[in-house]
Number of protein chains: 2
Amino acid sequence: MAKNIQSLERAAAMLRLLAGGERRLGLSDIASSLGLAKGTAHGILRTLQAEGFVEQDALSGRYQLGAELLRLGNSYLDVHELRARALVWTDDLARSSGESVHLGVLHQGGVLVVHHVFRPDDSRQVLEVGAMQPLYSTALGKVLCAFDPVAHSDALEAERRPLTPHTVTLPERFEAELSAVREKGWASDVEETWQGVAAVAAPIRDRHGMAVGAIAATGATERICDPEGAGDRGDGGPGRIRTDLVAAVRDCARAVSRDIGNGRF
Amino acid sequence: MAKNIQSLERAAAMLRLLAGGERRLGLSDIASSLGLAKGTAHGILRTLQAEGFVEQDALSGRYQLGAELLRLGNSYLDVHELRARALVWTDDLARSSGESVHLGVLHQGGVLVVHHVFRPDDSRQVLEVGAMQPLYSTALGKVLCAFDPVAHSDALEAERRPLTPHTVTLPERFEAELSAVREKGWASDVEETWQGVAAVAAPIRDRHGMAVGAIAATGATERICDPEGAGDRGDGGPGRIRTDLVAAVRDCARAVSRDIGNGRF
DNA sequence: TATATCGGTCGACATTGTCGAACGCCGTCT
DNA sequence: AGACGGCGTTCGACAATGTCGACCGATATA
């Protein structure tokens, strides 16, 4: 493989650095973080600024991400074929289930949310399109790991930090769960990522049977799970998710799979 | 001013090209569009692909925008201070007015929507965060033109294509409207951009009095405008907008202005 | 006021990206 | 079937390009 363009790699690293750090960063911070000379870093930043990818606070001189990224990110959504096909199906799923629905795809060792339908009530909700979710603890992530070898190895080599007391961290238990997901054809997340929140997810497959994305219904544990057993998670078996919800999510995922050209699922 | 980095400018031009064209583009198209040798274009695209900014369809070999842009665009929203301050105020405005609310900032000769609160009902709505609106015909755009000299000149030199029969295209009428906006302190758009849709907008000002953004309430003309006069727009006077809605939008914009450190407005 | 650090500039250097030709591949047309 | 034309990709030589580190003025700090 031929060499990639150095200045572009460095510019991308800067954008990621600015995206990671919560606050604005100064030129010297950026230069030292990437091991560059100040002059070099400034040249790249100046160009990125002229193109709208970064903005500079006039007073402090610090840099932050620019508006052009938002515009391009939106254009990405416009072109996204899977998302376009899923729009109407996910909308129906949200209405019929009464829960919020997410569409996620694999991206850089995590799940990128490319579509999010709010729960159909008046509660205040924040849009999560563009946000990342971990592979090892979310329903979307587990589905993708179970049916996509790349996601699987990504999740294995990543650090599985416990996010709640229910998070599965041991490799063997994680593997067992993925096997179960493969067998069942769907995955769940009962308070493994966020306290009080549960989710069900099913894979979207293209015409070759490859998992190209996943659809999940997410909501408060009390609504997603059956009330039986006093709500305790117990042995970790997956039987507690409401079966009608599982069926609805799987139907939705199948419908989208069919829509993108896969007649078998 | 020192020269900007050539390869970065070219990469940015490619991303914008991909964002503009609806469909995926081939390497030869991209190279010829930008006047580059195929080898050069390929080197840039290869790097952009490795960084996740573009993706390549495995079968056709064509290129499209990449998921990393969505992630970075989302990060941009996280850092956006004005948006963060406006979140709760715009939410309240949407609830009290019953209409959808947009927060826009000036970006590259247009209005970039950085926040969008859905109208609080169950109707199907598409999120417009990241979308661009024209300066000359929308309420958001006119407010920014009226109070921001840069936006003003941008709008003047741009082509004002008529979007509906009500769009103001003549320069003198546009200027007169901006003067009125400056005097009133708010702007309206009654079916000048979209048929059947009207909007009211007011500016957000920073501690120096500069307009840094605008807030708009948008909805069906029948709900935004007073029913008087049988709904015909007539002489173009702005008196038809519901006065309570104007007050609510202006109050919201003032509240955000106060929140970002401007006590005067 | 002295000082440390900031963002920004400049010019010499050689690394780096650019160019154009050539390659293998695939689909189409003859 | 065969030849063709177009596709994305690779390669190597060249010099244009981006990089580096010292330097500058302004600003914040003490």
Side-chain angles (χ1 to χ4, degrees), chain A residues 1-19 21-66 79 81 207-208 261, chain B residues 1-18 21-66 79 81 206-208 261:
Chain A
M1 177 163 47
K3 288 199 316 291
N4 283 351
I5 294 180
Q6 187 187 47
S7 54
L8 273 183
E9 288 178 333
R10 289 171 167 177
M14 280 187 195
L15 292 178
R16 269 191 282 272
L17 186 67
L18 288 170
E22 287 301 306
R23 198 181 53 271
R24 293 183 255 257
L25 294 175
L27 170 63
S28 303
D29 300 333
I30 296 172
S32 64
S33 291
L34 300 179
L36 299 176
K38 274 199 299 180
T40 305
H42 179 255
I44 296 173
L45 282 168
R46 172 161 30 84
T47 309
L48 287 174
Q49 184 183 11
E51 302 291 342
F53 291 96
V54 306
E55 294 168 359
Q56 185 176 24
D57 188 45
L59 283 72
S60 67
R62 287 210 179 85
Y63 293 91
Q64 65 171 28
L65 294 181
V79 185
E81 188 184 339
R207 73 200 77 216
H208 309 102
Chain B
M1 176 163 47
K3 291 199 313 289
N4 283 348
I5 293 181
Q6 186 186 50
S7 54
L8 273 183
E9 286 178 335
R10 289 171 167 177
M14 281 187 194
L15 292 178
R16 270 191 282 273
L17 187 68
L18 289 170
E22 287 301 306
R23 199 182 54 271
R24 293 184 255 254
L25 294 175
L27 169 63
S28 303
D29 301 331
I30 296 172
S32 64
S33 292
L34 301 178
L36 299 176
K38 275 199 301 180
T40 306
H42 180 254
I44 295 172
L45 281 169
R46 173 162 28 86
T47 309
L48 287 174
Q49 184 183 11
E51 303 291 342
F53 290 94
V54 306
E55 294 167 0
Q56 186 177 23
D57 187 45
L59 282 72
S60 67
R62 287 214 180 82
Y63 294 92
Q64 64 171 21
L65 294 181
V79 186
E81 188 184 339
D206 65 6
R207 70 200 78 215
H208 310 99

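All figures in this text were calculated on a predicted structure; none of them were measured in a lab. A, B, ... follow the sequence lines: proteins, then strands. Residue 1 opens every chain.
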A.B. asks: Between atom CD1 in I44(A) and atom P in dT16(C), what is the gap in whole Å?
C.D. replies: 12 Å
A.B. asks: Could you tell me the separation between the CG atom of D57(B) and the P atom of dC7(D), rounded to a whole number of Å?
C.D. replies: 16 Å
A.B. asks: Run the side chain to side chain donor-acceptor pair (under 3.5 Å) test against S7(B) and tell me which residues pass, sequence neighbours left out.
C.D. replies: S7(A)
A.B. asks: Using a 4.5 Å cut-off on heavy atoms from C-beta on, say whether the side chain of I30(A) contacts that of L18(A).
C.D. replies: yes
A.B. asks: Of all of residues 27-39 of chain B, which get a heavy atom below 4.0 angstrom from DNA chain D, listed by number?
C.D. replies: L27(B), S28(B), K38(B), G39(B)
A.B. asks: Considering only nitrogen or oxygen atoms on both sides, find all protein atoms under 3.5 Å from nucleotides 14-17 of chain D and state each distance.
C.D. replies:
unit_1, atom_1, unit_2, atom_2, d
dT17(D), OP1, Q6(B), NE2, 3.3

A.B. asks: Rounded to whole angstroms, how far apart are CG on L25(B) and P on dG8(D)?
C.D. replies: 10 Å
A.B. asks: Give the rounded distance in Å between these two atoms: CG of L48(B) and P of dT9(D).
C.D. replies: 13 Å
A.B. asks: Using OP1 and OP2 only, check whether a side-chain N or O of Y63(B) sits under 4.0 Å from dC7(D).
C.D. replies: no
A.B. asks: Can I get a per-line list of side-chain donor-acceptor pairs under 3.5 Å for residues 49-56 of chain B, giving both atom names and the distance, sequence neighbours left out?
C.D. replies:
unit_1, atom_1, unit_2, atom_2, d
E51(B), OE1, R16(A), NH2, 2.2
E55(B), OE1, Q64(B), NE2, 3.3
E55(B), OE2, A67(B), N, 3.1
Q56(B), NE2, G61(B), O, 3.0
Q56(B), NE2, Y63(B), OH, 3.3

A.B. asks: Expressed as a whole number of angstroms, how long is the span from L45(A):CG to dT9(C):C1'?
C.D. replies: 15 Å
A.B. asks: Measure CD/E55(A) against P/dG7(C) and give the value in whole Å, please.
C.D. replies: 17 Å
A.B. asks: Provide, to the nearest angstrom, the distance between the CG atom belonging to L8(A) and the P atom belonging to dT15(C).
C.D. replies: 20 Å
A.B. asks: Figure out the CD/P separation between E9(B) and dT18(C), and round it to whole Å.
C.D. replies: 11 Å
A.B. asks: Quick one: are L34(B) and R10(B) in side-chain contact, heavy atoms under 4.5 Å?
C.D. replies: no
A.B. asks: Of the nucleotides dT18(C), dT9(D), dT10(D), which has the atom closest to the Q56(B) side chain?
C.D. replies: dT9(D)
A.B. asks: With a cut-off of less than 4.0 Å, is there a side-chain N or O of H42(A) near OP1 or OP2 of dG7(C)?
C.D. replies: no
A.B. asks: For T47(B), give me all partners under side chain to side chain donor-acceptor pair (under 3.5 Å), at least two apart in sequence or on another chain.
C.D. replies: none
A.B. asks: Mind checking side-chain contact (heavy atoms from CB on, under 4.5 Å) for A31(A) and listing every partner two or more places apart, or none if nothing turns up?
C.D. replies: K38(A), A41(A)
A.B. asks: Counting only side-chain N and O atoms of T40(A), is one of them less than 4.0 Å from OP1 or OP2 of dG18(D)?
C.D. replies: no
A.B. asks: Sequence neighbours excluded, which residues qualify as salt bridge (Lys or Arg N to Asp or Glu O under 4.0 Å) partners of E81(A)?
C.D. replies: R85(A), R24(B)
A.B. asks: Going by the rule side chain to side chain donor-acceptor pair (under 3.5 Å), which residues pair with D57(B) if we only count those two or more places apart in sequence or in a different chain?
C.D. replies: S60(B)
A.B. asks: Which atoms form the tightest heavy-atom contact between L65(B) and L15(B), and what is the distance?
C.D. replies: CD2-O, 3.6 Å
